[in-house]
Undergrad: 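Take this structure, written in structure tokens, and hold onto it; I'll ask about it next.
Proteins get letters first, then strands, A, B, ... in listed order; numbering begins at 1 in each.
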Protein chains: 2
Amino acid sequence: MTTATRNRWAEHALGKLQAAGYRRGGARTAVVEALSRHDCAVTALELDDELRRRKVGRASIYRALEQLEQLGLLRRLEASRGVASYERIEPGGEHHHHAICSQCGRMIPFEDASLERAIHAVSDRMSFDAAEHEVTIRGRCDRCA
Amino acid sequence: MTTATRNRWAEHALGKLQAAGYRRGGARTAVVEALSRHDCAVTALELDDELRRRKVGRASIYRALEQLEQLGLLRRLEASRGVASYERIEPGGEHHHHAICSQCGRMIPFEDASLERAIHAVSDRMSFDAAEHEVTIRGRCDRCA
DNA sequence: ATGACTGCAAAGCCTTTGCACGCAA
DNA sequence: TTGCGTGCAAAGGCTTTGCAGTCAT
């Protein structure tokens, strides 16, 4: 993941927000910038920590996350029990999935072409208009084994 | 999914609970029975509806679900936003995944052998001790398209 | 000037915990 | 008899909503 990729997402996101009729508010822009600094899933509360000093309210963070998700710019995941986390959706389609250690909570990203192929084949076969998909593997990581 | 399969799970679950040192309480048994009647994910609140007339408290349902999950008898999923749902883990290993319609919320189960193979290959390659995995496809179902 | 955007505080909702009573072993 | 199991009610924790002031357009 390069800096160029992150900026590409941020520009893409800001453009799409504008196209959707949203104004360029300070809080929302701060959320987009914060998200562009993360390469894996972040929770709303983690973003709140990062943005508190910039005087961004928690409610604005949740509102921005919801809008970004609606526009297909963010993927919402359940990281730990009952906590949502968010991850950029790259305009190019590149993405990864997660292996989560049940013991230490570590989240290990991975990608696999044949897994992607299998998923696409399934959605085609079901005549389901798939927009997103997520794969989560749970178990014990090598450090905890 | 046959009645025999459901009963197999219930017996398997009750046996494993006993082996883990749990007593055969009425509420827990009621939860196991209720779960054995569902072939796809159910939420705790749905179970609560079903078990209210049997005078089972909501807290007992949540407690039973957590114990069953710990023992590897149940898989916890996030169905709708912020709501957990639970699904039996069959002793035989057979299982399905879900396509969820973002518009109507319908949950369509599916299974695919090559998808399973790809997932196993990935976890082997990562030296991650995978106990469970879940695949969720999100988009628009054929009825809503 | 108009109405979207924002922060703060309050409310919501699912889930967990505390506690005293009841029941399994 | 012992202490796990249970129901009820209260507390928790993340997320959403209401509202009045502020800012983008």
Undergrad: Could you identify which residues of residues 27-37 of chain A place a heavy atom less than 4.0 Å from some atom of DNA chain C, listed by residue number, or say none?
TA: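 Contacts with DNA chain C under 4.0 Å: A/Ala27, A/Arg28.
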Undergrad: Are OP1 or OP2 of D/dT15 and a side-chain N or O of A/Tyr62 less than 4.0 angstrom apart?
TA: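 Yes, A/Tyr62 has a side-chain N/O under 4.0 Å of OP1/OP2 on D/dT15.
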Undergrad: Using a 4.0 Å heavy-atom cut-off, write out nucleotides 18-25 of chain D from 5' to 3' as B (base contacted by protein), S (sugar-phosphate only) or - (no contact).
TA: B-----BS
Undergrad: Could you tell me how far apart B/Arg58 (CZ) and C/dT17 (P) are, to the nearest whole angstrom?
TA: 16 Å
Undergrad: Can you tell whether the side chains of A/Arg76 and A/Glu66 come within less than 4.0 Å, N to carboxylate O?
TA: no
Undergrad: Is it the case that B/Glu116 and B/His133 place a side-chain donor and acceptor less than 3.5 Å from each other?
TA: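 A donor-acceptor contact under 3.5 Å links the two side chains.
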Undergrad: Without decimals, in angstroms, what is the distance between A/Leu77 CG and D/dT15 P?
TA: 13 Å
Undergrad: In whole Å, what is the span from the CD1 atom of B/Ile61 to the P atom of D/dG5?
TA: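 Distance check: B/Ile61 CD1 to D/dG5 P gives 17 Å.
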Undergrad: What is the distance from CD of B/Glu66 to P of D/dT6, rounded to the nearest Å?
TA: 14 Å
Undergrad: Round to the nearest Å and state the distance from A/Glu78 atom CD to C/dC14 atom P.
TA: 15 Å
Undergrad: Look at the side-chain N and O atoms of A/Arg81 and state whether any lies under 4.0 Å from the OP1 or OP2 oxygen of C/dT16.
TA: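 Checking A/Arg81 against C/dT16: at least one side-chain N or O falls below 4.0 Å of OP1 or OP2.
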Undergrad: Going from OH on B/Tyr22 to CD on B/Gln67, what distance comes out if it is rounded to the nearest 0.5 angstrom?
TA: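 Between B/Tyr22 OH and B/Gln67 CD, I get 4.0 Å after rounding to 0.5 Å.
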Undergrad: About how many Å separate CD of B/Glu33 and CG of B/Leu14, when rounded to the nearest 0.5 Å?
TA: 7.5 Å
Undergrad: Establish, with yes or no, whether the OP1 or OP2 oxygen of D/dG7 is under 4.0 angstrom from a side-chain nitrogen or oxygen of B/Ser60.
TA: yes
Undergrad: Would B/His95 and B/Glu87 count as a side-chain hydrogen bond (donor to acceptor under 3.5 Å, both in side chains) here? Give the steps.
TA: CA-CA 10 Å; B/His95 65 275; B/Glu87 206 169 54; over 6 Å; no
Undergrad: Using the closest heavy atom to pick a nucleotide of DNA chain C for each, name whichever of A/Gly21 or B/Val83 lands nearer the 5' end.
TA: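 Looking at DNA chain C, the more 5' nearest nucleotide goes with A/Gly21.
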Undergrad: Rounded off to whole Å, could you give me the CD-to-P distance for the A/Gln67 and D/dT15 pair?
TA: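 It works out to 16 Å between those atoms.
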Undergrad: Just verifying a value: how many Å separate B/Leu115 CG and B/His96 NE2, rounded to the nearest 0.5 Å?
TA: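 With rounding to 0.5 Å, CG (B/Leu115) is 13.0 Å from NE2 (B/His96).
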Undergrad: Surrounding CZ of B/Arg143 (heavy atoms of other residues, nucleotides or ligands, distance under 6.0 Å), is the total greater than 12?
TA: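 Atom CZ in B/Arg143 is not packed in, count stays at 12 or less.
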Undergrad: Please state how far atom CG in B/Asp48 lies from atom P in D/dA9, giving the value in whole angstrom units.
TA: 13 Å
Undergrad: Backbone N or O of B/Leu35 within a donor-acceptor pair of the B/Arg88 side chain at under 3.5 Å?
TA: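 Side chain of B/Arg88 to backbone of B/Leu35: a pair is present.
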Undergrad: A/Leu65 has an atom CG; how far is it from atom P of C/dT6, in whole Å?
TA: 12 Å
Undergrad: Quick one: does any side-chain atom of B/Ser80 pair with a main-chain N or O of B/Val83 as donor and acceptor, under 3.5 Å?
TA: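 No: the side chain of B/Ser80 does not pair with the backbone of B/Val83.
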